[in-house]
Protein chains: 2
Amino acid sequence: MPVELRDLRAFLAVAEERSFARAAERLNVAQPALSRRIARMEAELGFPLLARTTRRVEPTPAGTVFAAKARGVLEEMDLAIDAATRTAQGRMGEVCIGYNDFAIGGPLPDVIQAFRAEHDRIWVQLKRAGTEEQLRLLRRGRVDVCFLIGPIVADGLNRHTVWRDRYCAVAAENDPLVAGPDVALADLAARPHVLGDRAGWQAYRERVRRLYTRAEAFPEIVAEGPDTSVVLGLVASGVGVTVYPACIENVFRRGVAFRPIRDVDATLDTLMVWDPDRISPAATTFVEAAIGHCARWPDGRYDTNVRAMPRVMTL
Amino acid sequence: MPVELRDLRAFLAVAEERSFARAAERLNVAQPALSRRIARMEAELGFPLLARTTRRVEPTPAGTVFAAKARGVLEEMDLAIDAATRTAQGRMGEVCIGYNDFAIGGPLPDVIQAFRAEHDRIWVQLKRAGTEEQLRLLRRGRVDVCFLIGPIVADGLNRHTVWRDRYCAVAAENDPLVAGPDVALADLAARPHVLGDRAGWQAYRERVRRLYTRAEAFPEIVAEGPDTSVVLGLVASGVGVTVYPACIENVFRRGVAFRPIRDVDATLDTLMVWDPDRISPAATTFVEAAIGHCARWPDGRYDTNVRAMPRVMTL
DNA sequence: GCGATTGATGCCGTATCGTTATGGGTACAG
DNA sequence: CTGTACCCATAACGATACGGCATCAATCGC
């Protein structure tokens, strides 16, 4: 019968009290139970841990060594339980967040900063991807939470709108298009466009297409890029103009200017999306913190569709 | 009922096998016993460690963390038992050795070097003291083994003669006394002497006194020193001469020369002394190694008085 | 839809553990 | 030297926990 933690506790009590009787009192057991427990453990180990005379009890050299190590074992055990508890309560762990260029240019840095300040035991991983790729990662469990733009087919997924942007016209800073305080959609549509490529920007390109379709305009696309920096680079070079959410105000690119679009009211929502059936405690903590953080923004609340999430997983 | 090590073993088996049935087989228990054990542990912790569907078992985030920590706990436990076992077997620990100037100039460095080469897990502490002080330290348990000169009252102590020295005459190198190949005791006795002081050299002074008494000589003592370096320093300065065991050949002091004493056959034994009733396993290892080492010396064996020592303490 | 597989549950026998009573040996006081 | 107090070990007995068997419920694959 191997040595158990209760054996360690019993032994340490005796070693510290230097008395079976006092140790038994401390452990709230009778003294014979202690004597036998220690004796059994010593038989298991094959050597004595305590040198008993009828008057005094003191650890053998092996007992002294074992006591020190045993304390370490019990401490490790406590730490293990602590860590597991914190993990189960969502106060520790790792959360992997998918994001797109709008989210990282818009609300996400604030959200993450506030979250990390409050939960320094939760490690935040970030993974950049477009809407479709993020949803695929979410289904595979590779990310816990997504920040993306709609539309999404939300079969069983929770969503929360965290940000709402108007659209802006973006052009080279010396372009006459951005000479005035704002831009008419028709003027913008008349120009050749630069857009994110189909691989990662499918959802956004669809939104832009609808924007122009409503105005019966069909701008020509003359260049594409994999991400915002490339698109803005192309815009700065004068290849074309583009349409970008207002979060572009947080993105600095030399040689580029942006203006509100005078006759467009449509907005682009950034959604936080997660799977309530598979979400980890740490990710739950993040989602809750993010929702709370968004609620404090002056723009007010947005529509949300959140099923109840148990704070601690139930047994 | 707190979490025990067997709970950790059970949990790790299930977490690794990802199956209660397979884990039960591995642990040589029936599957229901495992189910109940895990369930009881989860109830104790307050959160689930394993997410079960009827077809698959996988750890929760808390379970993953707990598994990693639990492995550490079990490893610590094994290390604790290992360390205690090694200590009990005298393969690990600390041995505190008392020594005098003759021992450190004679056999002790060799003994310690050979011992440390063979037992790198045993820490060797050294404490310099005279015969009486060493025996006092031994009784108080402050040292495990003594290297000293007799005579000693050995009530219950073990002893082993590890070294035997003839006496030498020591004088300043330009002293006519040491001009020849050896020295007559009467010539030596006629000179003023330097000796170790009474505080730490009581036993040796007694031996020297007897040496001269047998030759009916009573040399004058003109200076004393606390240790060999001081005595030899005084000799080098020409204050007086001294008598020192032949191990002085290992002690270099500029300006000093030594010669055998022509008409003295008496020898000085260095004894290893320990208390067989209180000796630690590590010290037992040392004593055995030292005896073995001494046996390999060309001078042959010396008389010894060693009670049997159990190699491993009995239960 | 049916069998196979997997984990959970109920029941029971047993080993383990804890408690009380007692014994043996030592230190201390008188 | 003797009596007493104290301390740990042992014995006997009762309570608890534990493991094994049989069975049930749920899911997957055919």
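In the text below, chain A, chain B and the rest are named by the order of the sequence lines, each starting its count at 1.
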Quick note, salt bridge (charged side-chain N to carboxylate O under 4.0 Å, His left out) partners involving residues 64-85 of chain A, not counting sequence neighbours, are A:Glu16-A:Arg71
Those residues at least two apart in sequence (or on a different chain) that pass salt bridge (charged side-chain N to carboxylate O under 4.0 Å, His left out) with A:Arg278 are none
In short, ring pair (Phe, Tyr, Trp, His ring centres under 6.0 Å) pairs touching residues 65-97 of chain A with sequence neighbours left out are A:Phe11-A:Phe66
Taken in chain and number order and not counting sequence neighbours, the residues that satisfy side-chain hydrogen bond (donor to acceptor under 3.5 Å, both in side chains) with A:Arg140 are none
With a 4.0 Å cut-off (strictly under) to non-hydrogen atoms of chain A, the first and last hit nts on DNA chain C, 5' to 3', are C:dT16 to C:dA27
B:Arg37 atom CZ is separated from D:dC18 atom C1', nearest whole Å, by 7 Å
Applying salt bridge (charged side-chain N to carboxylate O under 4.0 Å, His left out) to B:Glu58 and not counting sequence neighbours gives B:Arg18
Under a 4.0 Å heavy-atom criterion, the protein footprint on nucleotides 2-10 of chain D, written with B, S and -, is ----BBBBB
Residues passing the side-chain hydrogen bond (donor to acceptor under 3.5 Å, both in side chains) test with A:Arg40, sequence neighbours excluded, are A:Asp7
With five pairs defining each end axis, the helix from C:dG1-D:dC30 to C:dG30-D:dC1 comes out bent, to 10°, by 30°
Between CE of B:Met41 and C1' of D:dA17 the distance, given in whole Å, is 16 Å
Taken in chain and number order and not counting sequence neighbours, the residues that satisfy ring-ring contact (aromatic ring centres under 6.0 Å, His included) with B:Phe286 are B:Phe115
Applying side-chain hydrogen bond (donor to acceptor under 3.5 Å, both in side chains) to A:Glu44 and not counting sequence neighbours gives none
By side-chain hydrogen bond (donor to acceptor under 3.5 Å, both in side chains), A:Arg121 pairs with (sequence neighbours left out) none
In whole angstroms, the gap separating C1' of D:dC18 from CZ of A:Arg6 amounts to 11 Å
- Item | Chi angles and distances behind the side-chain hydrogen bond (donor to acceptor under 3.5 Å, both in side chains) call for A:Gln89, A:Thr85 | CA-CA 6 Å; A:Gln89 293 176 341; A:Thr85 303; over 6 Å; no
Rounded to whole Å, CD1 of B:Ile38 lies from P of D:dG19 at a distance of 11 Å
